[in-house]
Amino acid sequence: MSSTSLLWGQNQVLVDSLQELLQGELTDTTRIKALNRLARTYRSNDSTLTATYAREALSLSNQIGYVPGMADAYYHLARSFRENGYLRNAIDHNTIARSLFEKANLDKKRAYTCTQLGLIHQGQGTLNQAFRYFQESLEIGRELENEVIEATALSNLGATHAHSGEYEKARQLYEEALGIRKTRGDSSAIATLYNNLGNAYKNQGNYPKALTYYLDALNLRQIQQESSGVSTVFINLSTIYLRQGDYDQALEYLQKALAIREELNEQSGLAIVFNNIGEIRRLQGSLQEALEYFQYALITRQDIGDQRGIAACYLNIGTTQSMLEDFGSAKSTLSNADFLAREVGDQELICKIQIELGKVYYLQQMYPMALQKLMEGMDISKQLGLKDKTQDAAEYLALTYQQLGRYQEAYEAHRLFKAMTDSLLNETKTQQLTEIQMRHLFEQELDSIAIEDAKRTSELEGQVARQRAIQLGTIIVLLMSVGFVLILLRLYRSNQKTNEQLLESNEEIQSNNEEIRSVNESLQHSMETVQKQWDEITSSILYAQRIQQAILPPEGILRSLLSEHFVFFRPRNVVSGDVYWVSDRRHLNGKVFIAAVDCTGHGVPGAFMSLIANDLLNNLINERQIEDPGEILDQLHLEIRQSLNQDTTFTQDGMDIALVSIDVGKKVLAFSGANLPLVYLQDGQMHKLKGNPASIGGVRGELNPTYATHQLFYAGGLTFYLYSDGFQDQFGGPKGKKFMAGKFRELLSQIHELPLTNQKHVLEATLDEWMDDQEQVDDIMVLGIRLV
C-alpha cells in the first residue's frame with residue numbers, strides 16, 4: 001500500500017466523524033470549522049470535494065461575518081485551484097486568505113499562505129514576488145519562534161536565489177535551514193537540503209563538495225525508501241560525472257534514474273533524464289541522436305507547461321543545431337530560448353544562451369554581434385561565479401578580439417581562459433572525487449557482506465544434492481551412448497551409398513551457383529543505388545521538416561499571447577499539410593490572429609501548400625494589414641488561384657481554414673472559415689459556427705466565393721477550438737469506422753472544463769485507444785484556447 005493510500009485510510013475515520021457531526025445540531029462557527037476541516041482532509045485526495053466543502057464554509061462564514069472561517073475557506077480553495085492548474089485563481093484566493101488571516105491575527109496560517117504565494121510566483125518566474133512572500137513567511141516564523149516555518153522559509157528563499165543564479169547566497173540559506181532541521185531531527189527535510197546544497201556547489205564548479213552532499217542525500221533517501229528522492233539524487237550525480245567527462249559513469253546513474261522515473265511515471269524527471277542523455281550523446285559526437293533526445297525532453301516540458309525547462313531545451317537544441325552548422329535554425333531556436341529565459345528571470349540560462357549566440361555569430365564571422373553576446377554572457381557568469389561559463393566565454397572572446405585586431409584584449413581574454421581551465425581541471429579535485437566515491441562504494445560493500453554470506457550457506461546446502469544428481473545423470477548418459485554407437489554404425493553404411501548420389505548432384509549445383517552469384521551481384525548493385533536514393537530522399541524530407549517546424553509559432557510565443565491553450569499536432573508523415581499560424585498585432589490594432597489550416601494532401605505535397613499559406617497570411621495580415629477575417633479569406637482565395645495559375649492549369653489544390661481575430665481590449669472574437677468550423681463553449685453550452693462550404697483555391701463551384709465574418713463577445717469568458725478533419729476522420733474502434741464529427745464535438749464538450757494541458761492528454765489518449773493498430777489516415781491538428 002502506498003503512503004498516500006495509508007494516510008487516506010487513517011483520515012477516513014476523521015471524515016466519517018465530521019460528516020456524522022454535520023448531521024446534528026451545531027452552532028454556525030462549529031459547522032464552519034467542521035466544513036473547513038473536511039475541505040482540508042480531502043485536499044490530497046479529491047480536489048472537487050475540497051472545493052465543495054470550502055465553498056459551503058465560505059458561504060456560511062459570509063452570512064455571519066466569521067473572518068477565520070472565510071480565511072480558511074479561501075486558503076483551501078486556493079490550494080484546490082493550484083493543484084488543478086488554475087494559477088491565476090490560486091493567487092487571487094491566496095491573496096484574500098492572507099489578508100483575512102492578518103485581520104484575524106492568525107499569523108501562523110498567514111505564513112502558510114505566504115509560502116503558497118511564493119511557490120506559485122517562483123514557478124511562474126516572477127522571482128521578486130516570490131522573494132517578498134518568502135521573506136514575510138520568514139519574519140513570521142521568527143516572531144512566533146516557530147522553527148518549522150523559519151526553516152521552510154529559509155529553504156524557499158535559497159531555492160529562489162538559486163533560480164536567479166545566486167548560488168552562494170542560496171548555499172548560505174540552505175545551510176542555515178539545515179542547522180534548524182538537524183536540531184529537530186527532520187530527516188526528510190535534511191535529505192532535501194543535502195541535495196539542494198549539492199546543486200549549489202555543483203553550479204559553482206565545486207564538484208567534490210557537491211558529490212559529498214549528494215551521497216549524504218542518497219544514503220538518507222535509501223534509508224527512508226523514498227524512490228523519487230533516490231532517482232533525483234541519481235540524476236544530480238550523473239551531472240557531476242557528465243561535467244567531469246566520465247560519460248560511462250554519468251550514463252550508469254541516468255539509467256538507474258530512468259528506471260525509477262518510468263515506474264513512477266514522473267514526467268518532469270523523465271524530461272531531465274532525456275536531456276542529460278542528449279548531452280552525453282552530443283559530447284560523444286552523435287549529434288542527430290542528441291537532437292532527438294533534446295526534442296523528447298522539449299515535448300515533455302511543453303506538456304507540463306514548464307517555461308524554464310522549455311527554455312533550457314531550446315538552448316540545447318540550438319547548441320546542437322550550431323554544431324551541425326545549421327546556423328539559421330540555431331539562431332532562431334536560441335532566440336526563443338532567450339525570450340523565455342528573460343521572461344522567467346533565470347540569469348544562469350540567459351548567461352548560457354548569450355554565450356551560445358556569441359559562438360554562432362563568431363562562426364558566421366559576424367564579429368561585432370558575437371562580441372556583444374559574449375560580453376553579456378561573461379558579465380553574468382562572473383556575477384554568478386560560474387567558472388565553466390566564464391571559461392567558455394573567455395575562449396571565444398579571445399578569438400573574436402583577435403579577428404577584430406584588438407590583440408591586447410585578445411591576450412587578456414586568453415589568460416582568463418587559461419586560468420579557468422587550470423582551475424576546473426585541478427588534479428586535487430579529481431582525486432578527492434575518486435576518494436569520496438570509493439568510500440561510498442566501500443560502505444555499500446560492507447552492507448552486502450551479510451547478504452553474500454547467507455547466499456553462500458544456501459549454495460553449500462544444495463551442492464550435495466546437485467552432486468548426487470550429476471552422478472546419476474552420468475550413468476544414464478553412458479547407457480544412452482552405447483545405443484547411439486550401434487545406431488551410428490547402421491547409419492554409416494547407409495550414408496556411403498547416399499554420398500555417391502550426392503557427389504553427382506553437387507556438380508550440377510555448382511554450375512547453378514555460378515549463375516546465381518552473377519545475378520546476386522547485379523541485385524546488390526541495384527540495392528545500393530536504391531539505398532543511396534532513399535537516403536537522399538529521407539535527408540530532403542527531414543530538412544523539409546526542419547523548415548516547416550521553423551515557420552510554426554514557438555511555444556514561448558503562444559504562451560505569451562495565449563496563457564491558457566494547447567496544441568495537439570500529429571502529422572501523418574514526417575511533414576504535414578496541417579499547420580497553425582499566429583500573429584500578434586496588439587501593438588497596432590489590439591488584436592491577435594490565429595489560424596488553423598488544412599492544406600490539400602499530406603506529406604510533402606501538403607507541406608508545400610502549407611508554406612504558401614504561411615507566406616500569404618503574413619502578407620495579407622502583417623504587411624497589407626487587413627483586419628476582417630472574412631475579407632482576409634476572400635483575398636487568400638484569389639491569391640492562391642493566382643499563385644498556382646489555376647485559371648489555366650485547372651488544378652484543385654488549395655486549403656480549408658479557420659481564422660479568428662481576438663480584440664483583447666474589447667473582448668470580441670471574430671471568425672471566418674472555409675470548410676472548417678469554430679466550436680466554442682460559453683456558460684456551459686456548446687456552439688458551432690460553420691465556415692463557408694467552399695475551400696480556398698481550386699476551380700470547382702463558385703470561382704469567387706464570399707466568406708462571412710461572425711462576431712462573439714466573451715466578457716464572461718469562453719473556450720474555443722479550431723481543428724482540421726484528421727481526428728474525426730480517423731478509422732478505429734471495434735468496427736474500424738471513423739470517429740465522426742459529432743462524437744468529436746461531444747468529447748470536447750465533456751472535457752472543456754479541464755485545464756487545457758489535461759484536455760490535450762485526454763485527446764491523445766482517446767485517439768490512441770481508438771486507433772489501436774490502425775494506421776493514421778490524415779494529419780491531425782486541434783487547437784484549444786481559453787479566453788477570460
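The figures that follow rest on heavy atoms only: side chains count, while hydrogens, waters and symmetry mates do not.
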Is there a side-chain contact (heavy atoms from CB on, under 4.5 Å) between R586 and K591 once you walk through the steps? CA-CA 5 Å; R586 290 175 299 179; K591 295 181 180 180; over 6 Å; no

Does some side-chain heavy atom of [Y] sit less than 4.5 Å from a side-chain heavy atom of [X]?
X    : Y    : answer
L58  : M70  : yes
M740 : Q728 : no
Q759 : L763 : no
Y74  : R98  : no
L561 : V582 : yes
L315 : T333 : no
Q295 : I317 : yes
L552 : Y580 : yes

Is the backbone of [Y] close enough, under 3.5 Å, to the side chain of [X] for a donor and an acceptor to pair up by distance?
X    : Y    : result
S749 : R745 : no
K760 : V567 : yes
T719 : L681 : no
N618 : N614 : yes
W581 : A596 : no
S80  : H76  : no
D578 : P571 : no
Q730 : V777 : yes
N336 : Y314 : no
S231 : A257 : no

Point-to-point distance, once rounded to the nearest 0.5 Å, from [atom1] of [X] to [atom2] of [Y]:
X    : Y    : atom1 : atom2 : value
I626 : L620 : CD1   : CG    : 5.0 Å
I785 : L783 : CD1   : CG    : 6.0 Å
L119 : N156 : CG    : CG    : 5.0 Å
L718 : L787 : CG    : CG    : 5.0 Å
H710 : H687 : NE2   : NE2   : 14.5 Å
T50  : R55  : OG1   : CZ    : 10.5 Å

Might you point out which heavy atoms bring [X] and [Y] nearest each other, and give the distance in Å?
X    : Y    : value
P705 : D634 : O-OD1, 3.6 Å
L349 : A311 : CD1-CB, 3.9 Å
L676 : F671 : O-CZ, 3.6 Å
R301 : C313 : CG-SG, 3.8 Å
R786 : L754 : NH2-O, 3.0 Å
A71  : L100 : CB-CB, 3.5 Å

Ion pair check, D768 and R570, cut-off under 4.0 Å: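 Yes, this pair counts.
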
Can we call the ring centroids of F744 and Y723 under 6.0 Å apart?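 When the ring centroids of F744 and Y723 are compared, they turn out to be within the sub-6.0 Å range.
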
Assert yes or no for the condition that the ring centre distance of Y75 to H93 is strictly below 6.0 Å.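 No, ring centres 6.0 Å or more apart.
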
Hey, can you pull the donor-acceptor pairs under 3.5 Å for the side chains in residues 654-670, sequence neighbours left out?
unit_1 : atom_1 : unit_2 : atom_2 : d
D656   : OD1    : N675   : ND2    : 3.4
D656   : OD1    : S695   : OG     : 2.6
D663   : OD1    : G665   : N      : 3.3
D663   : OD1    : K666   : N      : 3.2
K667   : NZ     : V788   : O      : 2.7

Is the number of heavy atoms from other residues, nucleotides or ligands within 6.0 Å of NZ (K690) greater than 12?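 Counting other residues, nucleotides and ligands, NZ of K690 stays at 12 neighbours or fewer.
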
If the plane angle is over 60° it's perpendicular, under 30° parallel, otherwise tilted; pick one for Y721 and F566.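 Rings of Y721 and F566: tilted, as their planes differ by 30° to 60°.
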
Going by side-chain hydrogen bond (donor to acceptor under 3.5 Å, both in side chains), name the residues that satisfy it together with Y680, two or more places apart in sequence or in a different chain.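 Residues passing side-chain hydrogen bond (donor to acceptor under 3.5 Å, both in side chains) with Y680: none at all.
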
For S99, side-chain hydrogen bond (donor to acceptor under 3.5 Å, both in side chains) partners two or more places apart: none

Check step by step if ring pair (Phe, Tyr, Trp, His ring centres under 6.0 Å) holds for F274 and F294. CA-CA 7 Å; F274 288 145; F294 291 143; over 10 Å; no

Test side-chain contact (heavy atoms from CB on, under 4.5 Å) applied to T766 and F739, step by step: CA-CA 10 Å; T766 302; F739 195 93; 4.0 Å; yes

Take L562 and I594 through the side-chain contact (heavy atoms from CB on, under 4.5 Å) test and state the conclusion after the steps. CA-CA 10 Å; L562 311 165; I594 306 166; 3.9 Å; yes

Check step by step if side-chain hydrogen bond (donor to acceptor under 3.5 Å, both in side chains) holds for N94 and T113. CA-CA 6 Å; N94 264 313; T113 309; 4.6 Å; no

Does the structure place the NZ or CZ of K109 under 6.0 Å from the centre of the six-membered ring of Y112, at an angle of no more than 45° from the ring's axis?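 Here K109 fails the 6.0 Å and 45° test against Y112.
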
Can you check side-chain contact (heavy atoms from CB on, under 4.5 Å) on H121 and L127, steps first, answer last? CA-CA 6 Å; H121 281 293; L127 300 184; over 6 Å; no

